Protein chains: 2
Amino acid sequence: MKADPAPTDPAGPACPPGLPAVAMAGPASHAVSRVARLHRIAAGKVLKGVGLYPGQEFVMMHLWEAGPVRQSELIKAVELDPSTVTKMLQRLEQAGHVRRRPDPADRRAVLVEASDASCGLLAQVERAWGELERHTLAGLDEDERAELLRLLAKVEENLCTETAECPERRAAQG
Amino acid sequence: MKADPAPTDPAGPACPPGLPAVAMAGPASHAVSRVARLHRIAAGKVLKGVGLYPGQEFVMMHLWEAGPVRQSELIKAVELDPSTVTKMLQRLEQAGHVRRRPDPADRRAVLVEASDASCGLLAQVERAWGELERHTLAGLDEDERAELLRLLAKVEENLCTETAECPERRAAQG
DNA sequence: ACCCATTTCTTGGCCGACCAAGGTAATCTT
DNA sequence: AAGATTACCTTGGTCGGCCAAGAAATGGGT
């Protein structure tokens, strides 16, 4: 085994090293994965000063924007798995960023809202998020930015539909 | 606090619903996050039939390609945290996809190689990865694909350098 | 009224991924 | 040769994220 069916074959590879096999099998997928990881790390850094972990900003943003909402509504909004949101909210609550109370109108539902203390973070998060955006798009002119957004939207559409069929699809228009 | 109690507030919002605040604060970052998540889910689906979890394909690809390698070499190649690779390898080993043995030449190092049985997966993984790529890029013509790749590369470069300074930077050229 | 389906949330389990800290072995320094 | 530094890997902890399965309440159908 141990390859030799392999790229770095004795005779000398057709393609120069530096291009891993995975990059050849799917350059765009490879790029997406790499960018995603780096972007998440960068998000973690700018959010660190705010006391949030990457991913939580989406939840908090929605809560700041929408006020007290039913948890199911929040789940639809952020388009994450319910269990993910549950655990995230448990941590956010413990950190004092969020308050939860049972919905009087529907005893199985839970109302969620941003804590008073957390509201001071809104501006910080927006600043951090803006910095992340600037850092991400540095060196891209307006056309390139627009094009990137357009292409990413297309890719998102692809990944949502077709064979994979996105779990929460029609949540968009509300 | 609590913004204005209600989600659909009485006065009517300044901006139409459907554009979450987070999308306004950083549209590209938002798009990257969403695409990343969907892409990972899609990867998980195509890899499920192969018995791999998303992320593991990078490791396996490198092992198939390079044969037995020192773990540190593998870590540099996939550009992940050492602890991440360690735990991943433990699971891959337990699943029978990978073999590990101490390096006789350096008693603190570990040699890793793809198991004989795993080599049958190479073709499947490449097919799955190809399918993922096709799915991701569906509806994009050649120019758009090239442009997307170019822009993602620029973004990756951005996120690697500057304020964030990518942990494993010079690993590129070898 | 009753039973069944649906909605809503939680729990447990598992993975990828990070950081921080530790232990061992090789290497560099003095 | 002894000591300090570095390289290599592991462990433990924490998070986001998924799935599968479950408890609880609501709502519909007959």
Side-chain angles (χ1 to χ4, degrees), chain A residues 33-34 36-45 47-48 51-60 69-95 97 100-112 164 166-168 171, chain B residues 33-45 47-48 51-60 69-95 97 100-112 164 166-168:
Chain A
S33 300
R34 295 169 64 81
R37 170 175 163 269
L38 293 171
H39 185 266
R40 174 165 270 266
I41 291 178
K45 285 200 170 133
L47 286 174
K48 189 146 201 175
L52 291 179
Y53 291 91
Q56 298 182 338
E57 74 272 31
F58 297 98
V59 168
M60 293 310 298
V69 287
R70 200 166 292 204
Q71 188 165 320
S72 64
E73 209 277 312
L74 181 59
I75 288 170
K76 268 196 310 185
V78 297
E79 299 190 345
L80 290 176
D81 190 272
S83 62
T84 299
V85 174
T86 292
K87 289 174 187 167
M88 216 185 240
L89 286 176
Q90 290 171 345
R91 286 161 185 149
L92 283 171
E93 184 173 32
Q94 192 170 6
H97 296 313
R100 301 161 82 202
R101 80 188 113 97
D103 184 343
D106 187 339
R107 284 166 55 199
R108 67 206 148 139
V110 173
L111 290 180
V112 190
C166 160
E168 52 288 278
Chain B
S33 300
R34 295 169 63 82
V35 166
R37 171 176 162 268
L38 293 171
H39 185 267
R40 174 166 269 265
I41 291 178
K45 286 200 170 134
L47 286 174
K48 189 146 201 174
L52 291 179
Y53 291 91
Q56 299 183 338
E57 74 272 29
F58 297 98
V59 167
M60 293 310 297
V69 287
R70 200 165 292 202
Q71 188 165 321
S72 65
E73 208 279 310
L74 181 59
I75 288 170
K76 268 196 311 184
V78 298
E79 296 188 348
L80 290 176
D81 191 272
S83 61
T84 299
V85 174
T86 292
K87 290 173 186 166
M88 216 185 241
L89 286 175
Q90 290 170 345
R91 285 160 186 151
L92 284 172
E93 183 173 31
Q94 192 170 3
H97 296 315
R100 301 161 82 201
R101 80 188 113 97
D103 184 344
D106 188 338
R107 284 166 54 199
R108 67 206 149 141
V110 173
L111 289 180
V112 190
C166 157
E168 51 288 280

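To find a chain, count down the sequence lines: A is the first, B the second, and so on, and within it residues start at 1. Keep in mind the model is a prediction, meaning the values are calculated, not measured.
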Q. B/Y53 OH to C/dC14 C1': how many Å, rounded?
A. 7 Å
Q) Taking atom C1' of D/dC18 as reference, at what distance in whole Å does atom NZ of B/K45 sit? A) 11 Å
Q) Starting at CD1 of B/I41 and ending at P of D/dC19, how long is that distance when rounded to a whole Å? A) 6 Å
**Q.** Distance-minimising heavy-atom pair for A/S33 and B/H39
**A.** OG-CE1, 3.9 Å
Q: Could you check which of C/dC15, D/dT10, D/dG16 has an atom nearest any side-chain atom of B/Q56?
A: C/dC15
Q: Taking only the side-chain nitrogens and oxygens of A/R40, find out if one of them lies under 4.0 Å from OP1 or OP2 of D/dG17.
A: yes
Q: Just compare D/dC15, D/dC9, C/dT10 and give me whichever is closest to any side-chain atom of A/R100.
A: C/dT10
Q: Using atom NE2 of A/H39 as one end and atom C1' of D/dG16 as the other, report the distance to the nearest whole Å.
A: 15 Å
Q.
Side-chain N or O of B/R91 versus OP1/OP2 of C/dG16: is the shortest distance under 4.0 Å?
A. yes
Q | Phosphate OP1/OP2 of D/dC15: any A/Q90 side-chain N/O under 4.0 Å | A | no
Q) Between atom NZ in A/K48 and atom C1' in D/dC15, what is the gap in whole Å? A) 12 Å
**Q.** Verdict with supporting geometry, A/H97 and A/V59, side-chain contact (heavy atoms from CB on, under 4.5 Å)
**A.** CA-CA 11 Å; A/H97 296 313; A/V59 168; over 6 Å; no
Q) DNA chain D: A/A105 or A/P54, which has the more 5' nearest nucleotide? A) A/P54
Q. Start at the 5' end of DNA chain D and walk down; is the nucleotide closest to A/G55 or to A/D106 reached first?
A. A/G55
(Q) Would A/Q56 and A/L47 count as a side-chain contact (heavy atoms from CB on, under 4.5 Å) here? Give the steps. (A) CA-CA 9 Å; A/Q56 298 182 338; A/L47 286 174; over 6 Å; no
Q. What is the distance, rounded to the nearest whole Å, between atom CZ of B/R34 and atom C1' of D/dG16?
A. 17 Å
**Q.** Shortest non-hydrogen contact between B/A36 and A/A36, atoms and distance
**A.** CB-CB, 3.3 Å
Q) Can you find an N or O donor on one side and an acceptor on the other, under 3.5 Å apart, linking the side chain of B/R108 with the base of D/dA7? A) yes
Q) Of all the choices, D/dC18, C/dT10, D/dG16, which nucleotide is nearest to the side chain of A/P82 once you look at every atom? A) C/dT10
Q) For the side chain of B/S83, counting heavy atoms from C-beta on, which of C/dT8, C/dT11, D/dT11 is nearest? A) D/dT11
Q.
For a quick test of reading the model: is some side-chain N or O of A/Q71 closer than 4.0 Å to OP1 or OP2 of C/dT7?
A. no
Q) Among the nucleotides C/dG16, D/dC18, D/dC9, which one has an atom lying closest to any side-chain atom of A/L80? A) D/dC18
Q.
Students often get this wrong, so: under 4.0 angstrom with heavy atoms, is B/S72 touching a base, only sugar-phosphate, or nothing?
A. sugar-phosphate
Q. Atom CG of A/D81 and atom P of C/dT11: how far apart are they, to the nearest Å?
A. 15 Å
Q: Check the pair A/Q71 / A/D103 against side-chain contact (heavy atoms from CB on, under 4.5 Å), numbers first and verdict last.
A: CA-CA 10 Å; A/Q71 188 165 320; A/D103 184 343; over 6 Å; no
(Q) Using OP1 and OP2 only, check whether a side-chain N or O of B/R37 sits under 4.0 Å from D/dC18. (A) yes
Q: For B/V112 and B/E93, run side-chain contact (heavy atoms from CB on, under 4.5 Å): C-alpha distance rounded to whole Å, both residues' side-chain angles, the deciding distance at 0.1 Å, then the answer.
A: CA-CA 10 Å; B/V112 190; B/E93 183 173 31; over 6 Å; no
(Q) I need the CG-P distance between A/L89 and D/dC15, as an integer number of Å. (A) 14 Å
Q: Return no unless some side-chain N or O of B/T84 is found under 4.0 Å from OP1 or OP2 of C/dG16.
A: no
Q: Output the single nucleotide from C/dG12, C/dA17, D/dC9 whose closest atom is nearest the side chain of A/K87.
A: C/dG12
